[in-house]
Student: 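I'd like to ask you about the structure that follows.
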Amino acid sequence: MIKIGVLISGSGSNLQAIIDAIEADTLDAQIVTVISNKADAYGLERAKAAGIRAVFLDPKDYPDSAAYNVAIRDELQDQGAQYVVMAGYMKLLGSEVLEAFPMRVLNLHPALLPSFPGAHGIEDALDYGVKVTGITVHFADEQFDRGPIIAQKAIEIAEGDTPDTLAERIHAAEHKLYPQVLQWIADDRLTVKGRRVVLRS
């Protein structure tokens with residue numbers, strides 16, 4: 001079993017998918033804390049409903065981003081987290097956390113990286129006119145959406161797709177892939193070689 005801390009900023013639908021997978025015994029993990037930088041993030045309510053520790057850390061309470069990231073790191077370490085899962089966490093995570101959890105911080109992005117990084121991956125793919133987009137699970141580093149890629153899933157863009165209709169299919173795929181990747185980690189199936197992440201059978 002792996003112990004994970006989850007970072008959120010919003011509704012927490014991927015958090016819920018992880019909770020559901022744990023409850024269904026398809027993911028051998030325990031969520032030890034859920035941390036949000038937004039007081040009104042609905043994901044905090046999802047955590048509380050599941051009996052999981054839910055913590056709001058207000059960035060305004062800290063003098064700078066480094067101090068804020070130290071607070072996140074301390075909460076994760078105090079609760080015994082082994083891995084950090086960013087699930088719609090909309091801030092750049094600093095070295096204070098990344099160095100405490102080397103190659104143990106995961107992020108999910110709604111596009112096929114390295115294409116369309118940043119906060120608007122779904123809209124950017126539509127605007128560019130690509131016919132295929134998708135999702136990426138990767139290890140995080142100190143730049144947005146750049147760390148080694150663990151897994152990807154391609155999703156075709158249909159004629160007439162809008163950001164909302166495409167997002168619905170993207171989120172459905174995320175809710176399957178993220179728990180699956182976490183189970184690979186629980187099974188100790190991943191090896192990182194430079195930028196390549198190898199999945200052992």
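Keep in mind that the numbers below use all heavy atoms, side chains included, and drop hydrogens, waters and symmetry copies.
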Student: Quick one: does Ser9's side chain have a donor or acceptor within less than 3.5 Å of a partner on Met90's backbone?
Tutor: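 Pair found, side chain donor or acceptor close to backbone of Met90.
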Student: Would the number of heavy atoms belonging to other residues, nucleotides or ligands and lying under 6.0 Å from CD of Glu45 be above 12?
Tutor: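 Counting other residues, nucleotides and ligands, CD of Glu45 exceeds 12 neighbours.
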Student: Are Ile8 and Ile18 joined in one hydrophobic group, where the rule is that I, L, V, M, F, W and Y side chains link up if heavy atoms are under 4.5 Å apart?
Tutor: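 Linked within one cluster.
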Student: Taking the side chain as C-beta and beyond, is there a heavy-atom pair between Glu142 and Leu98 under 4.5 Å?
Tutor: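 Sidechains of Leu98 and Glu142: in contact.
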Student: Looking only at non-hydrogen atoms, find the nearest pair between Val130 and Ile157 and report the distance.
Tutor: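 So the two residues come closest at O-CD1, 3.3 Å.
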Student: Do the non-hydrogen side-chain atoms of Gln30 and Ile22 ever get within less than 4.5 Å of each other?
Tutor: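 Heavy-atom side-chain distance check fails, nothing below 4.5 Å.
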Student: Within a radius of less than 6.0 Å around CD of Glu156, do more than 12 heavy atoms belonging to other residues, nucleotides or ligands occur?
Tutor: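 Check fails, neighbour count at 12 or below.
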Student: Can any side-chain N or O of Ser36 pair as donor or acceptor with the backbone N or O of Leu44 at less than 3.5 Å?
Tutor: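 Such a contact is absent between Ser36 side chain and Leu44 backbone.
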Student: Please check this pair: side chain of Tyr62 against backbone of Val70, looking for a donor-acceptor N/O pair closer than 3.5 Å.
Tutor: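 No.
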Student: To the nearest 0.5 Å, what is the distance between CE (Met86) and CG (Asn14)?
Tutor: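 Met86 CE to Asn14 CG: 12.5 Å, rounded to 0.5 Å.
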Student: Please examine the side chains of Tyr89 and Ile72, heavy atoms only from C-beta on, and report whether any two atoms are closer than 4.5 Å.
Tutor: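 In short, these two side chains touch, coming nearer than 4.5 Å.
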Student: State the OH-CG distance between Tyr68 and Asp58, to the nearest 0.5 angstrom.
Tutor: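 It comes to 7.5 Å.
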Student: Roughly how far apart are Leu112 CG and Lys153 NZ, rounded to 0.5 Å?
Tutor: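 Those atoms lie 11.0 Å apart.
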Student: Looking at Leu166, Leu126, Asp124, Ile122, which hits side chain to side chain contact (heavy atoms under 4.5 Å, CB included) with Thr133?
Tutor: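 So the option named by the test is Leu166.
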Student: Decide whether Ile170 and Tyr128 are clustered together by the hydrophobic rule: side chain heavy atoms of Ile, Leu, Val, Met, Phe, Trp, Tyr closer than 4.5 Å, transitively.
Tutor: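 Ile170 and Tyr128: one cluster.
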Student: So do the side chains of Glu159 and Lys131 get within less than 4.5 Å of each other, counting heavy atoms only?
Tutor: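 Yes, close enough: below the 4.5 Å cut-off.
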Student: Working to the nearest 0.5 Å, report the span between CG of Leu182 and CG of Leu27.
Tutor: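 It is 5.5 Å, given to the nearest 0.5 Å.
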Student: About how many Å separate CG of Asn107 and CD1 of Ile149, when rounded to the nearest 0.5 Å?
Tutor: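 Output value for this atom pair is 11.5 Å.
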Student: Are Ile35 and Val105 connected into the same hydrophobic cluster when the rule is that any two of I, L, V, M, F, W, Y join if their side-chain heavy atoms are below 4.5 Å apart?
Tutor: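 Hydrophobic grouping puts Val105 with Ile35.
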Student: Tell me which one of Arg46, Glu174, His171, His175 satisfies side-chain hydrogen bond (donor to acceptor under 3.5 Å, both in side chains) with Ser13.
Tutor: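 Among Arg46, Glu174, His171, His175, the one meeting side-chain hydrogen bond (donor to acceptor under 3.5 Å, both in side chains) with Ser13 is His175.
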Student: Main chain of Ala186, side chain of Asp28: is a donor-acceptor contact present, judged purely on distance under 3.5 Å?
Tutor: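 Checked: no pair found.
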Student: Please determine whether the number of non-hydrogen atoms from other residues, nucleotides or ligands lying under 6.0 Å from atom CZ of Arg200 exceeds 12.
Tutor: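 More than 12 heavy atoms, drawn from other residues, nucleotides or ligands, come within 6.0 Å of this atom.
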Student: Applying side-chain hydrogen bond (donor to acceptor under 3.5 Å, both in side chains) as the test, list every pair that has at least one member in residues 73-85; sequence neighbours left out.
Tutor: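 Sorted pair list: Thr33-Glu75, Arg53-Glu75.
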Student: Quick check: is Ile19 connected to Tyr42 through a chain of hydrophobic side chains (ILVMFWY, heavy atoms under 4.5 Å apart)?
Tutor: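 Tyr42 does not cluster with Ile19.
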Student: Quick check: is Ile4 connected to Met103 through a chain of hydrophobic side chains (ILVMFWY, heavy atoms under 4.5 Å apart)?
Tutor: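 Looking at the clustering, Ile4 is in the same group as Met103.
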Student: Find out whether Pro117 and Phe144 are in side-chain contact, i.e. whether some heavy atom of one side chain is under 4.5 Å from a heavy atom of the other.
Tutor: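 Side chain of Pro117 against side chain of Phe144, heavy atoms only: no contact under 4.5 Å found.
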Student: Identify the heavy atoms of Ala87 and Val6 that sit nearest to each other, and give their distance.
Tutor: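 For Ala87 and Val6, the tightest heavy-atom pair comes out as CB-CG1, 3.9 Å.
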Student: Hey, are the side chains of Val181 and Leu177 touching, using non-hydrogen atoms and a 4.5 Å cut-off?
Tutor: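 Side chain of Val181 against side chain of Leu177, heavy atoms only: contact under 4.5 Å found.
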Student: Quick check for you: to the nearest 0.5 Å, what is the distance between Arg189 atom CZ and Thr191 atom OG1?
Tutor: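 Arg189 atom CZ to Thr191 atom OG1 measures 11.0 Å (nearest 0.5 Å).
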